[in-house]
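Below is one structure, written out as structure tokens; the observations come after it.
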There are 2 protein chains.
Amino acid sequence: MSVQERKQRERAERERLIVATARELAEQQGWDAVTTRRLAERIEYSQPVLYSHFRGKREIIGAVALEGATEMAAALRAATSAADGPRTRVTALARAYLEFAARNPAVYDAMFELDGGLAFANEDTPPPLKDAFAALLESLGEVAGDGVHPALFTEVFWAALHGLATLTRAGRLPPEHTEPRVELLVARLAMV
Amino acid sequence: MSVQERKQRERAERERLIVATARELAEQQGWDAVTTRRLAERIEYSQPVLYSHFRGKREIIGAVALEGATEMAAALRAATSAADGPRTRVTALARAYLEFAARNPAVYDAMFELDGGLAFANEDTPPPLKDAFAALLESLGEVAGDGVHPALFTEVFWAALHGLATLTRAGRLPPEHTEPRVELLVARLAMV
DNA sequence: GTTCGATCCTAGCATCGCTAGACAAGCAAG
DNA sequence: CTTGCTTGTCTAGCGATGCTAGGATCGAAC
């Protein structure tokens, strides 16, 4: 059985390599540059190997998105756990969210802009995505205000963050005034 | 000169046909289905004709985006002019914005998700885009609150609407609770 | 050592955006 | 009316894309 196990290990290792390479390439040159040929060349295998791991390019994007969701959840929790008081936590959360989006644009795209073939907002949603939303909910739920459902509040706050992140990165909003925008958002939405 | 004028008119007419057809095809089957070949076939001309009007597919998307911006500005103004009182106006504005995005998904994509090669948030921004932002500013500026720059407030509110629109349409947010989300957003952000 | 199955690669398909160069239609000059 | 030229359009093709079929190769098992 040891032989099979070794092969499985190597296969899993190669799969990680594919995802990591795709992510790296996307961050360096954008998702348009992530073609199956270039990706295959970088991992030093031929194209069809990719298709023995993933159904297609789409699933590779999805894998990057899941990886990103895990990291984002961790980043959000790290930022909020260092802050005390609901208000400070929400501000830290908002800043961490936007910073994650700005520093990992390709990953953020994989999560929210591109089609990675992932299910959202239903029972088939993969755990990392649910957990990322949970990380938001943890800090945002406590400032939802009386009579407002925490999940609903989280959705609205999240949408605002997502809007700021995407519009800024796409050049629709000048990037200079990010900080005052965050402050305004927190000041108005969060009920201390 | 009459001959030249007629030709110019016909050319302009054909250009409108291209844009309208691209938009129609995109709304019917998504932007992925808008290929230069299919588009050429629908307007009953050959592919290269498209390139005598536009530099490439990108510019066609940009043209659809501009058309959409004009319509959106009109829709927003129509919705707000029928409401009296700042608070009612803002609610009407938010609903109109989200409805426009939901009813014209391909146009909304052309405006904000796809690359139409348009300049944003600087002096080169085409008039229709500036005007659409102005339409937002007209109603949102009056509820910015004391000491808050109207443009900054508009950016934040707009980002929130954009986030709701895109996340909902991409299946990231369940579409059922759109109305309470809008109400929460207006209740918190707008200072009556 | 031989067989056989898993693994991987070469080669190719259909389609994409875009362009060069041939061709025809229509106008101006003789 | 014919000739020549400009203007407009089309056919054909390039390189690149995602994806796949079918053959070659390699290693494990008897």
Side-chain angles (χ1 to χ4, degrees), chain A residues 1-19 21-23 25-26 28-65 106 109-110 113-117, chain B residues 1-19 21-23 25-26 28-65 106 109-110 114-118:
Chain A
M1 280 300 178
S2 168
V3 174
Q4 283 195 14
E5 281 173 9
R6 194 204 65 221
K7 289 199 173 181
Q8 272 192 338
R9 247 195 345 263
E10 289 173 351
R11 232 188 109 74
E13 178 55 35
R14 195 174 58 182
E15 189 158 315
R16 274 193 295 275
L17 178 63
I18 292 173
V19 177
T21 306
R23 175 177 176 168
L25 190 51
Q28 286 173 355
Q29 312 182 31
W31 277 106
D32 279 352
V34 184
T35 68
T36 55
R37 277 171 239 272
R38 252 193 289 262
L39 188 50
E41 194 192 7
R42 283 226 184 177
I43 65 169
E44 294 180 310
Y45 280 96
S46 70
Q47 262 182 303
V49 168
L50 300 175
Y51 293 86
S52 74
H53 289 270
F54 303 95
R55 284 178 178 280
K57 189 180 172 180
R58 209 189 203 198
E59 271 196 5
I60 297 178
I61 295 173
V64 172
D109 280 347
E113 300 275 28
L114 303 177
D115 179 14
Chain B
M1 280 300 179
S2 170
V3 174
Q4 283 196 13
E5 280 173 9
R6 194 204 65 219
K7 289 200 173 182
Q8 272 192 338
R9 248 195 342 264
E10 287 173 352
R11 232 188 109 74
E13 178 55 35
R14 194 174 59 182
E15 190 157 314
R16 274 193 296 274
L17 177 64
I18 293 173
V19 176
T21 306
R23 176 176 176 169
L25 190 51
Q28 285 173 355
Q29 312 183 31
W31 276 106
D32 280 351
V34 183
T35 69
T36 54
R37 278 171 240 269
R38 254 192 289 263
L39 187 50
E41 194 192 6
R42 283 226 183 177
I43 64 169
E44 295 180 308
Y45 281 96
S46 70
Q47 262 184 304
V49 167
L50 300 175
Y51 292 86
S52 75
H53 288 270
F54 302 95
R55 284 178 179 280
K57 189 181 172 180
R58 209 187 206 207
E59 271 196 6
I60 298 178
I61 295 173
V64 172
D109 280 347
L114 303 177
D115 180 13
L118 301 176

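Here is the naming used below: chain letters follow the sequence lines, and residue numbers restart at 1 for every chain.
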* Structure fact -> A:Arg14 meets the side chain to side chain donor-acceptor pair (under 3.5 Å) criterion, sequence neighbours left out, with A:His53
* Specify the separation, in whole Å, of atom CD1 of B:Ile61 and atom C1' of C:dC16. => 13 Å
* What are the two closest heavy atoms between A:Ile18 and A:Leu39, and how far apart are they? -> O-CD1, 4.0 Å
Mind listing the side-chain donor-acceptor pairs of residues 42-52 of chain A below 3.5 Å, one per line with the distance, residues two or more places apart or on another chain?
{"residue": "A:Arg42", "atom": "NH1", "partner": "A:Gln28", "partner atom": "OE1", "Å": "3.3"}
{"residue": "A:Arg42", "atom": "NH2", "partner": "A:Gln28", "partner atom": "OE1", "Å": "3.3"}
{"residue": "A:Gln47", "atom": "OE1", "partner": "A:Arg37", "partner atom": "NH1", "Å": "3.4"}
{"residue": "A:Gln47", "atom": "NE2", "partner": "A:Thr36", "partner atom": "OG1", "Å": "2.6"}
{"residue": "A:Ser52", "atom": "OG", "partner": "A:Val49", "partner atom": "O", "Å": "2.7"}

* D:dA16 C1' sits how many Å from A:Lys57 NZ, rounded? -> 12 Å
* List in chain and number order the residues that pass salt bridge (charged side-chain N to carboxylate O under 4.0 Å, His left out) with A:Arg16, two or more places apart in sequence or in another chain; answer none if no residue qualifies. => A:Glu13
* Euclidean distance, atom CZ of residue A:Phe54 to atom P of D:dT20 [Å, nearest integer] -> 15 Å
* Can you name the residues that form a salt bridge (charged side-chain N to carboxylate O under 4.0 Å, His left out) with A:Glu59, not counting sequence neighbours? -> A:Arg55
* To do: Specify the separation, in whole Å, of atom CH2 of A:Trp31 and atom C1' of D:dA16.
  => 19 Å
* To do: Applying side chain to side chain contact (heavy atoms under 4.5 Å, CB included), name anything that partners B:Ala110, two or more places apart in sequence or on another chain.
  => B:Trp31, B:Ile61, B:Val64, B:Ala65
* Check whether any side-chain N or O of B:Thr36 sits under 4.0 Å from OP1 or OP2 of C:dC18, and answer yes or no. => no
* Asked: For A:Arg38 and A:Asp32, which heavy atoms make the closest approach, and how far apart are they?
  -> NH2-O, 4.4 Å
* Asked: What's the CD-C1' distance between A:Glu10 and C:dA6, to the nearest Å?
  -> 14 Å
* Which whole-number value in Å describes the distance from A:Leu39 CG to D:dA16 P? -> 17 Å
* To do: Round to the nearest Å and state the distance from B:Tyr51 atom OH to C:dC18 atom C1'.
  => 5 Å
* Would you kindly give the CG-to-P distance between A:Asp32 and D:dT17, to the nearest whole Å? => 10 Å
Quick one: which protein N/O atoms are closer than 3.5 Å to N/O atoms of nucleotides 8-14 of chain C? Pair and distance per line, please.
{"residue": "C:dC8", "atom": "OP1", "partner": "A:Arg14", "partner atom": "NH1", "Å": "3.0"}
{"residue": "C:dC8", "atom": "OP2", "partner": "A:Arg14", "partner atom": "NH1", "Å": "3.4"}
{"residue": "C:dC8", "atom": "OP2", "partner": "A:Arg14", "partner atom": "NH2", "Å": "3.2"}
{"residue": "C:dC9", "atom": "OP2", "partner": "A:Ser46", "partner atom": "N", "Å": "3.0"}
{"residue": "C:dC9", "atom": "OP2", "partner": "A:Ser46", "partner atom": "OG", "Å": "2.6"}

* Asked: Taking all atoms of both residues into account, what is the closest heavy-atom pair of B:Ala22 and B:Ile60, and its distance?
  -> CB-CG2, 3.7 Å
* Asked: Mind checking what makes salt bridge (charged side-chain N to carboxylate O under 4.0 Å, His left out) contact with A:Arg58, not counting sequence neighbours?
  -> A:Asp115
* To do: Tell me what B:Arg38 touches on the nucleic acid: a base, only sugar-phosphate, or nothing, going by heavy atoms under 4.0 Å.
  => sugar-phosphate
* So what is the end-to-end bend of the helix from C:dG1-D:dC30 to C:dG30-D:dC1, with 5 pairs used at each end and the value given to 10 degrees? -> 20°
